[in-house]
Each structure stands twice: as structure tokens, then as C-alpha cells.
Asker: 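Pasting in a structure now, in C-alpha cells, and then I'll have a few things to ask.
None of these values were measured; they are calculated from a predicted model. Reckoned from all heavy atoms, side chains included, excluding hydrogens, waters and symmetry mates.
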Amino acid sequence: MVTITNFRDIGGIKNKAGKEIKKDVFLRSGELSNLTKDDEQRLETIYRLGKIIDLRSEAEVGERPDMSVPKAEYIHIDILEDIKDEGASIEDFVKIGSPEKSAAYMEKLYADIALNTTSQKGYNKFFEEILALPQEESILFHCFAGKDRTGIAALLVLETLDVPREAIYTDYLLTNNLRKKENAQILEQAKKAQLEEANLEALHVALNVDSSYLDNFYRTVEKQYGDVSAYLKQAIGIDKGTKEVLNHRFVLD
């Protein structure tokens, strides 16, 4: 995709049984505020896009609304609605202050998302939309950069489909390569705005992903719930029956 940052299909990844997740169903990306007609057409015709799940805040949506895609339903789910003094927008990242604070900020954000009731309800709603997705259609989920709120959404989908943790991390870390150009542009703009060096370094850290962020998400989940399966059931509403339905539909035999 030319104008969609951090875009990828998470299909094709193999689960623990060696079976592939269906392709052209689960699409993850950054925001859709600058779609070209060509990309819009590709989403409509090649991917048969049925739903766009926007995980950003009301403020982000108001400032940079998604462009519409024909035949695709738009659903807004604010994952960070009730997480105070923390965000995952460019404005939030600029304020952090130092690279050390930036890494700690991101790790805390992932732990807070794991345990926050509104975030959990948001991801439950996300799965409800997946379950209601018409056959032969795809669902695209995104936030601002497509890395944190979206990264956790992808993790939850892949965990539900029994994908090995190593493969989940591999997909997650692709963001650092796929956002190189956009991140460089943001940092250049910040330099022109005369952002202090410490803030620039903090911004650089926050614009990338690190395995330690997912480590902290898993650590938090396992400390509070025992394991990911219990978390999916108790916090996200994915019980054994729902998991079987999702696997039957979205994993190739």
C-alpha cells in the first residue's frame, strides 16, 4: 500500500499445529487519513474490505479522520478512553522527555491496556466485529501508527488462533522496518520545530516497538490471570466455544 503506513496481512502465519491463518482477512495498519484512490480501490476489490476498526481516541479521529472505503463499515473503538495521562498519539510521545522515560512509559502503557476494563471491553467489541464479519470479507484494524493498540489487537487474534509466541513477536517487530520512512519524516519535522534533543530521543524510542513492551504485556496478564487463555476468557470474553468458532473459520485445514 502506497499511502497506508505499517500495512500488512497477518494471514499466512502458521499456528502450533502447522496450519495457516487465512490470508486476506486480518489486515493491520496505521491510520487511513491519506488514502489514494488506488489504495482505496485495492482495499475494495482485492481485499474485499468489509470493516474498518479504528482504535484511536476521539481527539485523534477528529484531527485526522479516516477516509472512507466503498462498502466498508467504519467502527470506532477508543481503546485508551479510560487510561488517564497516557496516550499513544504523536502528541503524547513528544511530551515524554527522555529515552529512559519513553521506554518505561511504553511498558507501563502495555500493562495498563492489559488490565484496564474499558480497553478489555474494546477488544471484546473488536472480536464481536470479527465474529460478525460476512464470509469472504476482510477486516482492517488500526490506530495512529499501527504499532501499540493495533499490535495488541493482532496479538490477541493470533493467540486465539493458537499461533506460537515467537511468530507473534516476529509480526509485531515488523513495524520497525515498515515505519522507517514515516518515523524519519516525523523526527525531521520535530527537529524543524526545535524540539529539544532529549525529547527527540524520547520520540525516536516511542515511534518504534520493542520486544520488552510485549514482554510486559504478557508478564502483566500472567501475573493477574495465570495464563493467556484465562485472560482471553475472563477479560476479553473469548471462551472455549468462541475460540473453536474462530479457529474453524479462520484457520486453513
Asker: Could you tell me which non-hydrogen atom of Asp9 sits nearest to which non-hydrogen atom of Val25, and how far apart they are?
Answerer: OD1-N, 4.3 Å

Asker: Around Asn34, counting heavy atoms of other residues, nucleotides and ligands shown, do more than 12 lie under 6.0 Å from its CG?
Answerer: no

Asker: Under the side-chain contact (heavy atoms from CB on, under 4.5 Å) criterion, do Val69 and Tyr47 qualify, and how do the steps go?
Answerer: CA-CA 11 Å; Val69 176; Tyr47 291 102; over 6 Å; no

Asker: Compare all side-chain heavy atoms of Val157 with those of Arg28 and state whether any distance is below 4.5 angstrom.
Answerer: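 Not touching, per the 4.5 Å side-chain cut-off.
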
Asker: Give the intermediate values and the outcome of side-chain contact (heavy atoms from CB on, under 4.5 Å) for residues Asp239 and Thr242.
Answerer: CA-CA 5 Å; Asp239 59 17; Thr242 306; 2.7 Å; yes

Asker: Determine the minimum heavy-atom distance between Ser119 and Ile79, stating which atoms define it.
Answerer: OG-O, 2.7 Å

Asker: Evaluate the side-chain proximity of Phe26 to Ile139: yes if any heavy-atom separation is below 4.5 Å, no if none is.
Answerer: yes

Asker: Can you tell me how far apart OG1 (Thr160) and CD1 (Ile130) are? Round to the nearest 0.5 Å.
Answerer: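 It comes to 8.0 Å.
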
Asker: Please check if the number of heavy atoms outside Lys243 that lie under 6.0 Å from its NZ is greater than 12.
Answerer: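 Yes, because the 6.0 Å sphere around NZ of Lys243 holds more than 12 heavy atoms from other groups.
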
Asker: Say you draw a straight line from OG of Ser68 to CD of Glu40; how long is it, rounded to the nearest 0.5 Å?
Answerer: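 Result: 6.0 Å between the selected atoms.
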
Asker: Within the structure provided, determine whether Thr5 and Leu178 are in side-chain contact (heavy-atom separation under 4.5 Å).
Answerer: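 Heavy-atom side-chain distance check fails, nothing below 4.5 Å.
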
Asker: In sequence, state the C-alpha distance, the side-chain angles, and the governing distance for Ile113 and Leu109, and then conclude on side-chain contact (heavy atoms from CB on, under 4.5 Å).
Answerer: CA-CA 6 Å; Ile113 290 174; Leu109 178 64; 4.1 Å; yes

Asker: For the residue pair Tyr110 and Phe217, is the inter-centroid distance of their aromatic rings smaller than 6.0 Å?
Answerer: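 Distance test on ring centres: not under 6.0 Å, no.
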
Asker: Quick one: does any side-chain atom of Asn124 pair with a main-chain N or O of Ile236 as donor and acceptor, under 3.5 Å?
Answerer: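 Yes.
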
Asker: Drop me the distance from Leu49's CG to Leu32's CG, to the nearest 0.5 angstrom.
Answerer: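 Nearest 0.5 Å value for the CG-CG distance: 8.5 Å.
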
Asker: Measure the spacing between OH of Tyr231 and CD of Gln120 and express it to the nearest 0.5 Å.
Answerer: 5.0 Å

Asker: Does any part of the side chain of Leu140, heavy atoms only, come nearer than 4.5 Å to the side chain of Ser29, both counted from C-beta?
Answerer: yes

Asker: So among Lys147, Lys180, Arg8, which one has a side-chain hydrogen bond (donor to acceptor under 3.5 Å, both in side chains) with Thr175?
Answerer: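 Looking at Lys147, Lys180, Arg8, the match for Thr175 under the side-chain hydrogen bond (donor to acceptor under 3.5 Å, both in side chains) is Arg8.
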
Asker: Quick one: does Glu81's side chain get under 4.5 Å of Glu58's, heavy atoms only?
Answerer: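 The answer is no; the side chains never approach within 4.5 Å.
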
Asker: Compare every heavy atom of Leu131 with every heavy atom of Arg249, then report the nearest pair and how far apart it is.
Answerer: NH1-O, 3.6 Å

Asker: If I compare all heavy atoms of Ile4 with all of Gly30, which pair ends up nearest, and what's the gap?
Answerer: CG2-O, 4.1 Å

Asker: With a 6.0 Å cut-off (strictly less than), is the heavy-atom count around NZ of Lys121, excluding the residue itself, greater than 12?
Answerer: no

Asker: From Lys125 NZ over to Thr118 OG1, what is the distance, rounded to the nearest 0.5 angstrom?
Answerer: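 Those atoms lie 15.0 Å apart.
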
Asker: I'd like to know if Leu161 and Leu252 are part of one continuous hydrophobic network [Ile/Leu/Val/Met/Phe/Trp/Tyr, side-chain heavy atoms within less than 4.5 Å].
Answerer: no

Asker: If you look at every heavy atom in Leu55 and Cys143, which pair is closest and at what distance?
Answerer: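 Heavy atoms of Leu55 and Cys143 come nearest at CB-CB, 4.3 Å.
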
Asker: Could you report the tightest heavy-atom contact between Phe141 and Ala154, atom names first, then the distance?
Answerer: CE1-N, 3.7 Å

Asker: Look at the side chain of Arg48 and the backbone N and O of Ile46, then say whether any donor-acceptor pair between them is shorter than 3.5 Å.
Answerer: yes

Asker: Kindly determine whether Asp210 and Ser212 satisfy side-chain hydrogen bond (donor to acceptor under 3.5 Å, both in side chains), including the steps that lead there.
Answerer: CA-CA 5 Å; Asp210 191 273; Ser212 65; 2.8 Å; yes

Asker: Can you give me every donor-acceptor pair (side chain of residues 14-21, partner residue at least two apart or in another chain, under 3.5 Å) with its distance?
Answerer:
from  : atom 1 : to    : atom 2 : distance (Å)
Asn15 : OD1    : Ala17 : N      : 2.9
Asn15 : OD1    : Gly18 : N      : 3.2
Asn15 : OD1    : Lys19 : N      : 2.9

Asker: Would you compute the distance between atom CG of Asp215 and atom OH of Tyr169 and round it to the nearest 0.5 angstrom?
Answerer: 3.5 Å

Asker: Do Arg179 and Asn208 come within less than 4.5 Å of each other through their side chains, counting heavy atoms only?
Answerer: no

Asker: Go through Arg56 and His142 one step at a time and tell me if the side-chain contact (heavy atoms from CB on, under 4.5 Å) criterion holds.
Answerer: CA-CA 8 Å; Arg56 297 177 297 168; His142 76 86; 3.7 Å; yes

Asker: A side-chain contact here means heavy atoms from C-beta on lying under 4.5 Å apart; do Phe127 and Leu156 qualify?
Answerer: yes

Asker: Quick one: are Ser138 and Asp24 in side-chain contact, heavy atoms under 4.5 Å?
Answerer: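 Heavy-atom side-chain distance check fails, nothing below 4.5 Å.
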
Asker: Suppose we call two aromatic rings close when their centres sit under 6.0 Å apart. Are Tyr172 and Tyr213 close by that rule?
Answerer: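 Centroid distance Tyr172-Tyr213: not below 6.0 Å, so no.
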
Asker: With the 4.5 Å side-chain cut-off for hydrophobic clustering, are Ile75 and Phe126 part of the same group?
Answerer: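 Yes.
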
Asker: More than 12 heavy atoms of other residues, nucleotides or ligands under 6.0 Å from CD of Gln234: yes or no?
Answerer: yes

